[in-house]
Amino acid sequence: LMFADGPLTQPPNLAALVRLAGTTAAVDRAIRLTEQQAGNLITTAAVKMDQDSQHGLDATFGLVVLLLTAVAALTLLLYRGVRNPMRALAERARRFSEGDFSLRGYGRLPSEIAEVSAALDDAIRNFDQLKTQADALATGELSHPALRRAVPGKLGESLFHSVTRVSELQRRLVHEARHDALTGLYNRRAAIEALGMSLAKVEGGTGVGVMFIDLDDFKQVNDVHGHRAGDEVLATTAERLLALVRPSDRVCRLGGDEFLVLIGPGTTIDSSVRLAARLIASLEVPITTAVATVRVSASAGIAVSDPGRPATTSELLGEADAAVYRAKAEGRGNIRVFDRQMRLDRNADREMVAELESSLLSGRDLHLVYQPTLLVADGRCDRLEALCRWDRPGHGPVPPDVFIRAAERSDLIIELDRWVLNQACRQLADWKADPDLGALALQVNISGRHLGRGILVPDVLQATRAHDVPAGMLIIELTETSVVDRPDLASDELNELRSHGTRTALDDFGTGYTSISQLGRVAVDILKIDRSFLLSEDSHGDRGPVIGLVIDVAHAMGMTVVAEGVEVASHFNLLSSLGCDMAQGYFLARPMPEEDLRDWFRNPVDRTRRARLSAV
């Protein structure tokens, strides 16, 4: 009724309702029974399901445990298979970083580790090759095969190009270190090495020859035609020497116009002299330069090792040097062989130098003498020249040119210079209170070997300060050749001396090959004309105008001019007429010890002479 569609149109039937009610109750009981049975089934099913799930869980857990065990076992196997190679690879990388380039085998490796190991092997090989290349460059082994192989890869190619450039630079530097830049000949260093090797290979009955060749008057080429022409002459000289020597001989340039020919084993004195004659003759042929055709000559000195008397490199070079020195002293185009007499002279020089050194150390046997320098205008003396004298024990007085020349061949001349400087300053200090000597300046001769060592200025200042002498009381004299040969170097030191108040003088002007125009390049205050200008017989003729020209040029440059070698009155008269400032010579006063010097100043005869000179 409740679910009837539409409204209730008829009254309900009671019997039907009773039946309906009974049916509903039955249905209700059926439902409750069904619910009960369903609940029982559900409970039973739940219990069943719980039991079944417990069995499934146990199975699942067992499976998981089994899987985990398998994974762990596999991991352990993998770890053991990778750990050792990885550790070895790491150790190898560490050793590689420390410079160990050795290769080691590993056996079978996993593919990834094998790839890394192979890459490391390549890196080790490459770096090992680079190390070999670097070592070859460092030791100068420029022909090493490693320098001709590039390391693989772009980096290797780049490094190979760099190594190639460095190698070429190294080769060039090595060549330049052993060869003269102008002529391409061996230089002094390479010559000494080559001579040492030749002497080491000398066999019985054979000798090694050394020939010094020195061009005569080469400075005139530079002075007259310029240094470019001089360079062309030197290059042509090298070519001519190379054209005449044997393939086993070596031609070297020692510097300037000095050449050295190393004559290979088997040479004799006669064959060396014949070769020297051919070489000198070839050099006398005129040389055409870009600016002029010039003529030069050369002198040669020869030394040949004696198989019965082994010689060192320095000894043989020294003998050849002594021989060419003797040849040049005898004139142009000469050849001298170092012989027994020269050996005796050389040994005598060594003994002399040893005894001179002993005298310097003891402070005995050496003393100074003093030669006055007079003003030409009035005959007054305002300065003295300090000259060293030596009384050699057992021999007596030795001429100064003899023992000084011997000292010049060694550094003993430096010690002799220092001794003279200190003695001169000590004497100036003693003269301070003397009315005749207290205002005098003192001229001290210094060797050219003192130049270029950075010691000349300190030595002069040490001497003046040690004796409390004003630096202006000293005049430092250097020879023309020692100053003009190195004008820039000499000027630096002489200018520094002048900045301290010490005057400087160019001694022996005219003995070298300095042109008058070069005087402006020399930083000196005083020019001393060599005695040879006055002592020649034609002093009033040809020499007079030359001396006058030198005096005029020196005055134009602000220099004081002193003429040496005044031996007779006519010399003094000539200098007076030419306007020379000062004069020195035996006609005016001889060198004398201090006690005689005091007498000279007080002697009426000398005073009369000076007065007479002032009236000329």
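In this text the structure is predicted, and so the values were computed from the model without any measurement. Hydrogens, waters and symmetry mates are skipped; everything else that's a heavy atom, side chains included, is used.
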When rounded to the nearest 0.5 angstrom, what distance separates [atom1] in [X] from [atom2] in [Y]?
| X | Y | atom1 | atom2 | result |
| --- | --- | --- | --- | --- |
| Leu368 | Cys388 | CG | SG | 6.0 Å |
| Asp596 | Arg590 | CG | CZ | 12.5 Å |
| Cys381 | Gln371 | SG | CD | 10.0 Å |
| Phe259 | Asp180 | CZ | CG | 7.5 Å |
| Leu575 | Gln584 | CG | CD | 12.0 Å |
| His225 | Thr289 | NE2 | OG1 | 7.0 Å |

Residue pair [X] / [Y]: nearest heavy atoms and the distance that separates them:
| X | Y | answer |
| --- | --- | --- |
| Pro286 | Thr293 | CB-CG2, 3.7 Å |
| Leu442 | Ala386 | CG-CB, 4.1 Å |
| Ser359 | Ser362 | O-OG, 3.2 Å |
| Ala406 | Met352 | CB-SD, 4.1 Å |
| Ala554 | Val561 | CB-CG2, 3.5 Å |
| Leu474 | Cys425 | CD1-SG, 3.8 Å |

Would the distance check show the side chain of [X] and the main-chain N or O of [Y] forming a donor-acceptor pair, the cut-off being under 3.5 Å?
| X | Y | answer |
| --- | --- | --- |
| Thr237 | Val233 | yes |
| Arg240 | Ser282 | yes |
| Arg449 | Glu408 | yes |
| Arg253 | Gly256 | yes |
| His395 | Pro393 | yes |
| Arg392 | Phe403 | no |
| Asp417 | Ser447 | yes |

Ion pair check, Asp345 and Arg326, cut-off under 4.0 Å: yes
Applying ring-ring contact (aromatic ring centres under 6.0 Å, His included), which residue pairs with at least one partner in residues 279-303 are found, sequence neighbours left out? none
Which residue pairs pass the ring-ring contact (aromatic ring centres under 6.0 Å, His included) test when at least one of the two sits in residues 318-337, sequence neighbours left out? none
Starting from the C-alpha separation in whole Å, work towards a yes-or-no answer on side-chain contact (heavy atoms from CB on, under 4.5 Å) for Glu567 and Leu534. CA-CA 9 Å; Glu567 306 295 333; Leu534 284 173; over 6 Å; no
So, is the end of the Arg178 side chain (NZ or CZ) under 6.0 Å from the ring centre of Tyr186 and within 45° of the ring's axis? yes
Counterpart residues, side chain to side chain donor-acceptor pair (under 3.5 Å), relative to [X] (two or more places apart):
| X | answer |
| --- | --- |
| Thr464 | none |
| Arg346 | none |
| Gln427 | Tyr370, Glu594 |
| Asp391 | none |

Sequence neighbours excluded - salt bridge (charged side-chain N to carboxylate O under 4.0 Å, His left out) pairs with any residue from residues 394-406: none
For residues 327-342, pull every pair meeting salt bridge (charged side-chain N to carboxylate O under 4.0 Å, His left out), keeping only residues two or more places apart or in separate chains. Asp214-Lys328, Asp216-Lys328, Asp217-Arg332, Glu330-Arg336
Among Arg383, Met559, Glu477, which residue satisfies the side-chain contact (heavy atoms from CB on, under 4.5 Å) criterion with Ile526? Arg383
Residue list, salt bridge (charged side-chain N to carboxylate O under 4.0 Å, His left out) with [X], at least two apart or on another chain:
| X | value |
| --- | --- |
| Glu496 | none |
| Arg364 | none |
| Asp581 | none |

Residue list, side-chain contact (heavy atoms from CB on, under 4.5 Å) with Ala281, at least two apart or on another chain: none
Step-by-step side-chain contact (heavy atoms from CB on, under 4.5 Å) determination, Gln423 to Val420: CA-CA 5 Å; Gln423 289 297 114; Val420 173; 5.8 Å; no
When you look at CZ of Arg389, are more than 12 heavy atoms from neighbouring residues, nucleotides or ligands closer to it than 6.0 Å? yes
